[in-house]
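The chain is numbered in sequence order, starting from 1. First listed ligand is number 1; within each ligand, the first listed atom is number 1.
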Amino acid sequence: MPMDCETLTQFLDTLNRFVHERLIPHEEKVAEDDKIPDSLIQEIRDLGLFGMSIPEEYDGLGLTMYEEAQAAFVLGLTSPVFRSLIGTNNGIGSQGIIIDGTPGQKTAYLPKLASGAMIASFALTEPDAGSDAGSLKTSARRDGDFFVLNGTKRYITNAPHAGLFTVFARTDANTMNSSGVTAFLVEAGTPGLSLGKPDKKMGQKGSHTCDVILEDVRVPADAIIGGPARENQGFKTAMKVLDRGRLHISAICVGAAERLIRDSLAYAMERKQFGEPIAEKQLVQAMLADSRAEAYAARCMIEETARRKDAGQNVSTEAACCKMYASEMVGRVADRAVQIHGGAGYMSEYAVERFYRDVRLFRIYEGTTQIQQLVIARNMIRDAAA
Ligand code: COS
């Protein structure tokens, strides 16, 4: 159920205040310490932000895609690390259960994910299966009413904190592609499941990824998302989850671009060279104007796609368009922001230096730009041939 206009405005105002009064002031320290303070995590829980996209009947806020995009525009104004903390519970970690899970799986997990009492991770990528996700090698061998999982998952966001993993594994050993893949819900602490060392990343310090190692992990057939009848259907679950996730990431990119533009404009109006603020210089104005127009274009695309998704349309192509355009756009905006700041933009004293590194990830995860291009073109050809 969509929120009425007034409630949505109130929610977004509260979020905006929280971002400016609590999150932005903590950004630098979080990056330095590579850790979000527990007290701040509790404030994030108290605001219900772990459960924005989880239906109200499971204690979430039940935001529509349009509403979630509006929230992501605001959240994107601060370090992407805060979004990453809540991102998997709202997106790739919970949506498989919401879209394809059994009523029992929804009741067992969604309220805990909505409150943030449990963190969820999405374990699809492997050392040899990134963009070609369907080629994954993690095996799930049937043993009576159980499956035995073996394999390694790589770069798994929030894995060091996760209580629940959606693990994609090959149940049909005779296949090499996406057709023999199944999605399992595996709880942390299940014997045989262990974690690798935290990865050392280029940016997004404070958000953590690591390997998830599965050695003879036994799970019941009921742990398959949607139950045993959905054996070998896991890849489709992953793709549907990513359709929504890609829109969310796109909206975060717009928020980050807005922040970079705001910081760049403020700097350009303050910084004087050749006897006047550099904002008066037409070459600087060109950079500001390009960034503003591109961020606006991305926002419009995302709002339109979100509305269509809420109306029940298949937006696979449009979500890929948004992810491709918005993530590339924020890369260009970050580059211009550093350029406008000149030497200062290369110094960690200014947030643009951190954002420049942080936003680089958006062009890679939840499907690289090249994978979005492939999805868009393949869908175009399929639709034209139909
Ligand atoms: N919604 C529902 N079903 C979908 C779908 C979608 N968005 N996209 C594909 N499917 C279905 C297809 O219809 C097909 O079903 P049938 O076998 O019944 O025809 C099945 O899923 C396999 O699809 P496809 O043949 O397109 O699979 P490919 O192995 O060729 O892979 C890409 C497709 C490359 C698009 C996929 O591997 C991909 O998205 N890779 C990137 C992975 C990624 O984002 N990783 C990031 C990790 S998470 S941070």
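Using a 4.5 Å cut-off between side-chain heavy atoms of Ile, Leu, Val, Met, Phe, Trp and Tyr, Y155 forms no hydrophobic cluster with any other residue.
Crowding of F235 atom CZ: a count of heavy atoms from other residues, nucleotides or ligands under 6.0 Å exceeding 12.
Identified under the side chain to side chain donor-acceptor pair (under 3.5 Å) test for residues 107-124, with sequence neighbours left out: Y109-E187. Sorted by first then second residue, the salt bridge (charged side-chain N to carboxylate O under 4.0 Å, His left out) pairs that include residues 21-30, not counting sequence neighbours, are R22-E43, E27-R259, E27-R354, K29-D33.
Hydrophobic clustering (side-chain heavy atoms under 4.5 Å, transitive across Ile, Leu, Val, Met, Phe, Trp, Tyr) groups I225 together with L110.
Sorted by chain and number, the residues within 4.0 Å of ligand 1 by heavy atom are F122, T125, G130, S131, A133, S178, F235, K236, M239, K240, L242, D243, R246, S316, E366, G367, I371, V375, R378.
With salt bridges taken as basic N to acidic carboxylate O contacts below 4.0 Å, one links R336 and E294.
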